[in-house]
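Comments concern the structure below.
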Amino acid sequence: MKRVLLIVAYDGTRYHGWQLQPMVATIESELNKALSALFHEDIKVIGASRTDTGVHALSNIAVFDTMATMPAEKIVYALNQRLPEDIRIQSSQEVPIDFHPRHQNSKKTYVYKIVNRAFPLPTVRLYTHFTYVPLDVELMRQAAEYLVGEHDFKSFCSANTIAETTIRTIYSISVEKIDEMISIRVTGSGFLYNMVRIIAGTLIEVGRGNILPQKIEEILRACDRTKAGPTAPACGLTLEKYEFLDMDIG
């Protein structure tokens, strides 16, 4: 028996998120189906990050156990031949049998992309959020600075969140604009349900002039979801990087 780690990239448009659900297509269900067919075993992957419906990823992580003799580094080639074209494994490697991706010292980077122009661009509609209202990027940057560090992010998570604690650490947030594309990039130790999308929605409201940058401090202290901005649409969000601080992957 060996445990294999996969780096998984996917276009989440037609999937109901990562996590296995009855009667609908998910990233997890497609991986389980392809791996089970490849190795003629009942294989169930363990994912590192359970992305929501419509969210994309460049490097989500999954592990699985198998009795197969195929070298771990060759599995990426065989598996990609069996997966839909909107899911592609980027690498595969063997890890210790007790390795669990959600029990490691790690950090994740998400990017939320916004097209800010008069009219939508059809070619990027599946991977960005469009708004025609001009956004003040400098105000968004100022607001983002208040979110860096360890805080109680209860105001920035779904009211349905079930978590032992809503305290999280954000290492960095950047807001950059190139031409008509704004990218909000957030790196942290972990994220609550809808946290990045609510951060993005709140920063958009700041950029529109509806929330003052310094009001972010008050929103954090309130620990009240109704005080923050709306949840930005899923299509603009991509899990860009997943890093384990105690090991090299990929």
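As a basis for the values below, the full set of heavy atoms in this structure was taken, side chains included, without hydrogen atoms, waters or symmetry mates. Counting begins at 1 with the first residue of the sequence.
- Side-chain polar atoms of Thr231 and Arg225 form a donor-acceptor pair below 3.5 angstrom.
- In this structure a side-chain-to-backbone donor-acceptor pair under 3.5 Å is present from Ser92 to Ala72.
- Remark: Lys215 engages Glu218 in a salt bridge (charged side-chain N to carboxylate O under 4.0 Å, His left out) (not counting sequence neighbours).
- One distance of note links CD1 of Ile114 with CD1 of Ile204; it measures 4.0 Å at 0.5 Å rounding.
- Counting heavy-atom neighbours within 6.0 Å of Asn105 CG, excluding the residue itself, gives a total above 12.
- With a 4.5 Å cut-off on side-chain heavy atoms, Tyr242 and Ile7 do not count as touching.
- The side-chain hydrogen bond (donor to acceptor under 3.5 Å, both in side chains) analysis of residues 118-131, with sequence neighbours excluded, yields the pairs Asp11-Tyr127, Thr131-Arg208.
- Side-chain atoms of Arg197 come within 3.5 Å of backbone atoms of Ala232 as a donor-acceptor pair (strictly under, hydrogens ignored).
- Cluster partners of Trp18, by chain and number: Val4, Leu6, Val8, Tyr10, Tyr15, Ile27, Leu31, Leu35, Leu38, Phe39, Ile43, Val45, Phe64, Met70, Ile75, Val76, Tyr77, Leu79, Leu83, Ile87, Ile89. The rule joins Ile, Leu, Val, Met, Phe, Trp and Tyr whenever side-chain heavy atoms lie under 4.5 Å apart.
- Within the model, atoms NZ of Lys108 and OG of Ser59 stand 11.0 Å from one another, a figure rounded to the nearest 0.5 Å.
- The shortest distance between side-chain heavy atoms of Pro101 and Leu5 does not fall below 4.5 Å.
- Residues passing the ring pair (Phe, Tyr, Trp, His ring centres under 6.0 Å) test with Tyr110, sequence neighbours excluded: Phe191.
- No single ILVMFWY cluster, assembled from side-chain heavy atoms under 4.5 Å apart, contains both Val55 and Tyr193.
- Atom CD of Glu150 and atom CD1 of Ile167 lie 6.0 Å apart (nearest 0.5 Å).
- Residues Asn116 and Glu180 have side chains not in contact (no heavy-atom distance under 4.5 Å, counting atoms from C-beta outward).
- In plain terms, the two heavy atoms of Val206 and Pro213 that are nearest each other are CG1-CG, 4.2 Å.
- A donor-acceptor pair under 3.5 Å links the side-chain atoms of His56 to the main chain of Gly12, judged by distance alone.
- Looking only at distances, a side-chain donor or acceptor of Ser36 sits under 3.5 Å from a matching main-chain atom of Asn32.
- What you find for Tyr112 and Pro233 is that their closest heavy atoms are OH-O, 2.7 Å.
- Pairs of residues two or more places apart, or lying in two chains, that qualify as ring pair (Phe, Tyr, Trp, His ring centres under 6.0 Å) and include a residue from residues 145-177 are His151-Phe153.
- With sequence neighbours excluded, the residues forming a salt bridge (charged side-chain N to carboxylate O under 4.0 Å, His left out) with Lys33 are Glu30, listed by chain and number.
- Scanning for salt bridge (charged side-chain N to carboxylate O under 4.0 Å, His left out) contacts around Glu41 gives an empty result, with sequence neighbours left out.
- Residues Ser155 and Ala228 share a closest heavy-atom pair of O-CB, 3.3 Å.
- Distance check: Arg102 CZ to Ser49 OG gives 9.5 Å after rounding to the nearest 0.5 Å.
- In terms of heavy-atom proximity, Lys177 sits nearest to Arg141 at N-NH2, 4.4 Å.
- Remark: Glu176 CD to Ile182 CD1 distance equals 10.5 Å, nearest 0.5 Å.
- The hydrophobic cluster containing Val124 also includes Val115, Leu121, Phe130, Tyr132, Val133, Met181, under a criterion of side-chain heavy atoms closer than 4.5 Å among ILVMFWY residues, counted directly or through chains of members.
- With a 4.5 Å cut-off on side-chain heavy atoms, Arg168 and Cys157 do not count as touching.
- Summarising the geometry of Arg82 relative to Ala34, their closest heavy-atom pair is CD-O, 3.8 Å, with the distance given to 0.1 Å.
- Summarising the local packing, CD of Gln214 is surrounded by more than 12 heavy atoms from other residues, nucleotides or ligands at distances under 6.0 Å.
- Membership of the apolar cluster around Met1 extends to Met67, Ile97, as traced through chained side-chain contacts below 4.5 Å between ILVMFWY residues.
- Residues passing the ring pair (Phe, Tyr, Trp, His ring centres under 6.0 Å) test with His40: none are found, sequence neighbours excluded.
- Under the 4.5 Å side-chain contact rule for hydrophobic residues, Val175 and Leu147 share a cluster.
- Note on Leu58 and Leu237: separate hydrophobic clusters, where clusters join Ile, Leu, Val, Met, Phe, Trp and Tyr whose side-chain heavy atoms are under 4.5 Å apart, directly or indirectly.
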Pair Ile170, Ile199 - check side-chain contact (heavy atoms from CB on, under 4.5 Å), show working.
CA-CA 11 Å; Ile170 289 182; Ile199 287 174; 3.9 Å; yes
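- Residue pairs that meet the ring pair (Phe, Tyr, Trp, His ring centres under 6.0 Å) test with at least one member in residues 81-108, sequence neighbours left out, are Phe99-Phe244, His100-His103.
- Side-chain contact check for Glu205 versus Pro230: some heavy-atom pair is nearer than 4.5 Å.
- Other residues sharing the hydrophobic cluster of Leu245, ordered by chain and number and joined by side-chain separations under 4.5 Å: none, the residue standing alone.
- For the atom pair CG (Leu203) and CD1 (Ile184), the distance works out to 5.0 Å, reported to the nearest 0.5 Å.
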